[in-house]
Amino acid sequence: MSDVAKKPEKIRCDACPVMCYIADGNAGACDRYANENGKIVRCDPLTILDRTISAGGEVVPFMKPDWDGRVLGGDEVFVTAIGAGTTYPDYKPAPFIVSREVEGADFVTVVSEAIFSYCGVKIKIDTDRHVGHEAAPVRARGEVVGHVTTGEYGSQMLSLGGVNHLTGGSKAEGLATCKALMELCNKEAVELSIDGGSSIVVAADKGPIVDGTPEHRMRVGCGSATIGMFASQWRGLVDEVVVVDDHITGVVSEHQAGKVLDWPATGIKVKGRRSTPGRYFQVAEPGLGWGGTDIQNPLLILDDWNTKKGARPGLTLLMVSTTGEQFAYYVLNDDLVPEPADLPNALNSTVDLIAENCEPARCTVLFMGGAGGSLRAGVTQNPVKLTRSVQAFKTQVTCGGAPAYVWPGGGITVMVDVARTPDNSFGYVPTPAIVAPLEFTVPRDDYRALGGHDSVVRSITDILEHGGEYGDGSRAVSPPSGSGFAAATDT
Ligand code: SF4
């Protein structure tokens, strides 16, 4: 065979267990590594947070010819693990172990793109609407990727991913889970459907879209809390107020807030289960209507009025939802039936006040993963010392520069708000698993004490000039708001 006809030699990427053989000029299965002139390189540049770049400022290539030659201190820039490469199979030191001087003290930051087979996302969706029953399966692209978990105050919660969906089901389930997790962590919009419930478009730090309807407001509180907040503003303007809420519907004349204000009884009777005075559970079924119930006509939750307890013709009634988006005003006729009437101007501002006190509805995506496994060997030769150091708050854990909450108890189980990470911080490998940037920052002396790879600690300048095992591309970005490494213009 002539040299011309010879196939280009493929070389092996060993950055994950897939071990792709990659021809020159091509990328591997995850598109994160490529063969460039016979060398495996990381396709994305090493990402450095630079607080001298104003918030929202352009991305600056930190390439050698353009670099302004500043002597970089630890306070000004932070080397993230984004684009750093991995330690797989973990016996070797992390791709970059960076020395930093912060306020005169020596620190070390160990950066590595960690491969997480044990990971998922917790999603908080600010909506009153009933999107599905607790424990109902959640699907992406038709595959089950998680479930509805316990609702919180004004928000519905989903738990997606985890090792059982990534590896414990079919191949299709694992890949769909991995793709959904990566997209969500990269702040992309993902459509999720809940068995027996709604379809929701979720994107980190954006408002949810529930069954095609964008959600704008997070409720001000439950029905009882709304009564507590605004009872004094309604006193003297209306005879009765009912705040309709799927969880706790409030009735001002019976509520403790009304009692304190000497609010007269009205003879109202609310369906549902009375919890305490003026607080009712289960006034209707959960749904997409008023206050997260399934009703569009609020009068359906009322029973007959009682004249012996204060009901009379002409009595006025305001019914309002917990976001102020739905409201109606009624006057009892001679048969004690509520007749719709125009909302008096004086009450208009009270409804507006409820709306004004609602925060914008958002989706929050928290990445959660277990970093207590073999990747610790890239940090120290004695992995349990890293775990103990993290648990003792001596070693700080960040993810793409964003502060990570470390769960108490065993292991290094971290949780990070993906909105605080730079765009496209997360990747995947087809095993399937999520690749997330992970940084451990520790005082230099402590790093030595925990058996760290002290002999390969490098300065930022050296890293920018010479790169690492997977190439020398780098870029500087403005730290995202709330990243814990705020840009100069952040307050
Ligand atoms: S999937 Fe990506 S990281 Fe894994 S071996 Fe292939 S190119 Fe390398």
Side-chain angles (χ1 to χ4, degrees), residues 7-47 79-97 110-120 141 143 145 161 163 165-186 188 367 369-371 373-379 399-400 421-439 467-475:
K7 277 192 175 175
E9 202 185 323
K10 292 183 176 178
I11 53 174
R12 202 177 74 172
C13 172
D14 64 358
C16 92
V18 177
M19 300 283 181
C20 298
Y21 278 95
I22 310 173
D24 192 15
N26 288 355
C30 66
D31 281 335
R32 296 167 52 249
Y33 291 86
N35 177 345
E36 199 177 279
N37 302 320
K39 191 175 183 313
I40 294 292
V41 296
R42 184 72 176 84
C43 301
D44 305 300
L46 179 67
T47 296
V79 178
T80 75
I82 304 161
T86 184
T87 55
Y88 189 80
D90 293 323
Y91 62 86
K92 55 190 177 184
F96 296 108
I97 304 181
V110 184
V111 311
S112 177
E113 288 178 304
I115 301 172
F116 287 93
S117 300
Y118 293 82
C119 71
R141 299 179 176 89
E143 296 290 337
V145 299
V163 71
H165 289 292
L166 281 169
T167 70
S170 67
K171 187 174 178 185
E173 178 178 332
L175 292 176
T177 301
C178 190
K179 193 166 174 52
L181 293 181
M182 189 180 80
E183 290 169 342
L184 286 163
C185 288
N186 283 334
E188 293 171 28
F367 169 77
S374 57
L375 69 86
R376 292 175 298 171
V379 183
C399 180
T421 62
D423 292 346
N424 297 316
S425 292
F426 292 78
Y428 86 107
V429 290
T431 54
I434 289 293
V435 180
L438 204 61
E439 303 97 22
E469 182 184 348
Y470 298 112
D472 61 1
S474 58
R475 65 170 186 160

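Whatever order the structure lists ligands and atoms in, that order sets their numbers, starting from 1. All heavy atoms count here, side chains included; hydrogens, waters and symmetry mates do not.
Residue contacts to atom 8 (Fe) of ligand 1: Cys16 brings no N, O or S atom closer than 2.8 Å. Using a cut-off of 2.8 Å, one finds that Cys20 contributes an N/O/S atom close to atom 6 (Fe) of ligand 1.
For atom 3 (S) of ligand 1, the nearest non-hydrogen atom of the protein is Tyr33 CD1, 3.6 Å. Nearest protein neighbour of atom 7 (S) of ligand 1, counting heavy atoms only, is Gly28 CA, 3.5 Å. Ranking protein heavy atoms by distance to atom 2 (Fe) of ligand 1, first place goes to Cys30 SG, 2.3 Å. The protein heavy atom nearest to atom 8 (Fe) of ligand 1 is Cys13 SG, 2.3 Å.
Here the options are Asp44, Ile40, Leu46, the test is side chain to side chain contact (heavy atoms under 4.5 Å, CB included), and the partner is Arg42; only Asp44 passes.
Within the 4.5 Å cutoff, no side-chain heavy atoms of Leu166 are placed close to those of Ser117. In this structure, the side chains of Ile82 and Pro422 come closer than 4.5 Å at one or more pairs of heavy atoms. Under the 4.5 Å side-chain criterion, counting only non-hydrogen atoms from C-beta, Thr177 is not in contact with Glu143. At least one side-chain heavy atom of Cys399 sits less than 4.5 Å from a side-chain heavy atom of Phe426.
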Given side chain to side chain contact (heavy atoms under 4.5 Å, CB included), test Thr86 with Ile115 step by step and report yes or no. CA-CA 8 Å; Thr86 184; Ile115 301 172; 4.2 Å; yes
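Selection from Ala433, Gly427, Pro430 by nearest heavy atom to atom 1 (S) of ligand 1 gives Pro430.
Under 4.0 Å from ligand 1, not a single heavy atom of Pro17 appears.
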